[in-house]
Amino acid sequence: MATAVTEEVVDYDEVLERYDPVMGLEVHVELNTATKMFCGCATEFGAEPNSQVCPVCLGLPGALPVVNDKAVESAIRIGLALNCEIATWCRFARKNYFYPDMPKNFQTSQYDEPIAFNGHLDVELEDGTTYRVEIERAHMEEDTGKSLHVGGSTGRIHGAEYSLVDYNRAGIPLIEIVTRPLTGAGGRAPEVAKAYVGALRELLRALGVSDVKMEQGSLRCDANVSLRPKVGDATSEEQAAVPLGTRTETKNVNSLRSVERAVRYEITRQAAILDKGGKITQETRHWHEDTGVTTSGREKSDAEDYRYFPEPDLVPVAPTRETVDALRRTLPEPPGERRRRLQADWGYSDLEMRDVMNAGAVELISETVAAGATPAGARKWWTGELARRANAEGRSVEDFGVTPTHIAELDGLVRDGRLNDSMARQVLEGVLAGEGTPTEVADARGLELVQDDGALEAAVDKVIEANADVAQKVRDGKVQAAGALIGQVMKEMRGQADAGKAREIILAKLTG
Ligand code: ADP
Ligand code: MG
Ligand code: ZN
């Protein structure tokens with residue numbers, strides 16, 4: 001195993017006194033098309049290794065590729081959503097290099113003729129300000145296979161006994177979205193990086209073109225970072241005129257939080273080298289989630305010779321303007337606008353809306369409200385109990401098998417007065433355990449508030465009699481003391497009463 005040497009770093013705030021960070025982000029998006037980019041093979045995640053392959057994606061002699069129209073459509077829609085120009089005519093190109101997980105020994109990609117270029121995406125930062133990310137291009141390419149290194153302790157190639165290759169992923173359509181060098185963010189560069197990848201993910205999800213699961217690799221980010229001397233504030237003209245420093249490219253950073261951490265770490269690492277009069281090596285680097293550092297990968301010059309040339313086996317892609325216009329009409333409402341509209345509709349505060357976003361629950365809440373829940377009820381369940389569980393178990397709320405319809409039904413049972421809060425939580429337990437719908441669980445477990453006010457009143461009388469001292473305090477004006485009585489009444493009713501109603505009756509009897 002390559003031992004990770006801990007490199008020196010400079011305190012982040014100190015870096016910003018002397019350097020101006022610049023970054024460029026390359027995001028690879030796996031499209032969710034049913035078939036691969038140039039053949040009819042299935043693209044399903046997690047299938048038996050090498051069960052989704054054919055002569056085309058295995059690069060067997062004489063096999064001929066045919067472009068997937070659906071993938072081109074998705075590429076154009078992504079380009080349009082990123083405010084790009086769409087090429088009237090463009091080609092695929094062969095990017096030649098050898099790697100065992102790439103059976104053709106070249107990757108079919110696009111080079112100087114990308115399908116989309118010159119765009120931008122405005123991203124919102126935590127403080128409500130907007131940063132415009134300039135998009136250089138979005139191009140089509142195909143994914144590589146996957147190597148599995150066996151026998152070592154790290155799963156990396158170093159120290160492994162042997163390697164296995166799975167070509168199921170080879171040929172899955174990818175869109176690579178490349179930003180221009182992003183300047184002017186200053187110390188907020190890491191935040192901008194995270195916000196951009198987050199906004200991009202939200203946009204791609206709204207477009208419905210990808211699963212955008214960073215943990216499964218359907219959205220992958222490479223972060224390029226460089227420093228240049230600081231001569232003014234980040235946005236000044238003087239600062240903008242300073243030439244860019246040498247960049248490093250940290251590969252495959254696979255969560256939003258890691259994007260932020262990796263950019264931040266690189267900034268502090270590069271500063272330590274520059275402070276000593278050293279030079280930054282232009283190289284790829286690996287991000288280590290556990291230790292929070294990057295380590296050197298391979299040196300990579302700008303002039304790397306991939307011997308790109310136009311792919312002779314594929315016809316050019318030349319979307320008509322009518323096609324592009326028709327696709328433009330299929331674009332969803334921009335996520336930022338939609339979010340603001342939903343927040344207003346639902347009456348959430350900024351803080352509540354942020355919680356919802358952090359829990360990844362916008363869609364779920366939207367569907368739950370559509371299924372009849374109150375916005376407050378929907379938010380309570382998805383960002384409360386369920387988000388807590390998801391966090392604790394390191395899962396996503398969508399994976400519990402609880403649907404928006406379930407939550408709407410549960411919310412309805414509380415609103416109709418059939419369940420109180422603690423009963424509703426028990427019902428949710430049952431739904432999570434696969435016992436059925438909320439109504440089925442409540443029926444099966446015999447959970448139902450006692451609607452009979454007579455029974456509740458009798459319980460209140462009994463409790464007041466048994467706790468005369470506490471009752472007297474309430475009579476004397478110490479209303480907080482009623483809490484203890486409510487607790488007793490709930491116990492008396494074996495939890496099957498409405499605590500609010502119990503409180504009303506107690507106060508009416510003692511102070512009314
Ligand atoms: P590569 O083939 O090395 O991946 P790309 O053109 O695909 O090159 O992507 C390079 C990325 O790095 C782009 O996002 C670009 O804006 C960014 N970049 C280029 N130069 C610098 C620099 N000096 N500092 C930071 N980012 C840079
Ligand atoms: Mg690149
Ligand atoms: Zn195939």
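Atoms within each ligand, like the ligands themselves, are counted from 1 in listed order. We count residues from 1, following the sequence as given. Keep in mind the model is a prediction, meaning the values are calculated, not measured.
- Between Y308 and Y306, the ring planes lie perpendicular to each other; the angle is over 60°, past the 30° to 60° tilted range.
- Checking P243, S226, P21 against atom 25 (C) of ligand 1, the nearest heavy atom belongs to S226.
- Remark: among candidates E266, K251, E26, M23, the nearest residue to atom 4 (O) of ligand 1 is E26, based on non-hydrogen atoms.
- The aromatic rings of F38 and F92 lie perpendicular to each other, with more than 60° between the two planes, well past the 30° mark.
- Of all non-hydrogen atoms in P114 and F117, the two that sit nearest each other are O-CD2, 3.9 Å.
- Contacts between E136 and ligand 1, counted as non-hydrogen atom pairs separated by less than 4.0 Å, are absent for every part of the residue.
- The one candidate from C54, P65, C41 that meets the side-chain contact (heavy atoms from CB on, under 4.5 Å) condition with K36 is C41.
- In summary, R340 and E124 engage in a salt bridge, as defined by a charged side-chain N under 4.0 Å from a carboxylate O.
- The heavy atom nearest to atom 8 (O) of ligand 1, considering only R228, R247, H139, is found in R247.
- Under 4.0 angstrom from ligand 1, the non-hydrogen atoms of L25 all belong to its backbone.
- Residue contact check: R180 has heavy atoms under 4.0 Å from atoms 16 (O) of ligand 1.
- A heavy-atom separation below 4.0 Å is found between R137 and ligand 1.
- Here R18 pairs with D275 in a salt bridge; the nearest charged N to carboxylate O distance falls below 4.0 Å.
- A distance-only check finds no donor-acceptor pair linking the side chain of N68 to the backbone of P173 [under 3.5 Å].
- Residue-level proximity to ligand 1 for K95 is absent, since no heavy atom of it falls below 4.0 angstrom.
- Taking distance alone, with nitrogen or oxygen atoms compared against 3.5 Å, G245 approaches ligand 1 more closely than that limit.
- Contact detail for P103 and Y167: the closest heavy-atom pair is CD-CE2, 3.5 Å.
- Using a 4.0 Å cut-off to heavy atoms of E176, the atoms of ligand 1 that qualify are 7 (O).
- By the 3.5 Å distance cut-off applied to N or O atoms, P181 is counted among the residues near ligand 1.
- Per-residue contacts place L244 under 4.0 angstrom from the following atoms of ligand 1 (heavy atoms of the residue considered): 22 (C), 23 (N).
- Near V178, meaning under 4.0 Å from any of its heavy atoms, are these atoms of ligand 1: 9 (O), 13 (C), 14 (O).
- To the nearest 10 degrees, the Zn ion (ligand 3) sees SG of C57 and SG of C41 at an angle of 110°.
- Electrostatic pairing of D20 and R228 counts as a salt bridge here, judged by a charged N lying under 4.0 Å from a carboxylate O.
- With atom 15 (C) of ligand 1 as the reference point, the heavy atom nearest to it among N224, T179, I280, T183 is part of T179.
- Backbone and side-chain nitrogen or oxygen atoms of T246 are examined, and none is located within less than 3.5 angstrom of a nitrogen or oxygen of ligand 1.
- Formation of a donor-acceptor pair under 3.5 Å by the T144 side chain with backbone atoms of D101 is not found in this model.
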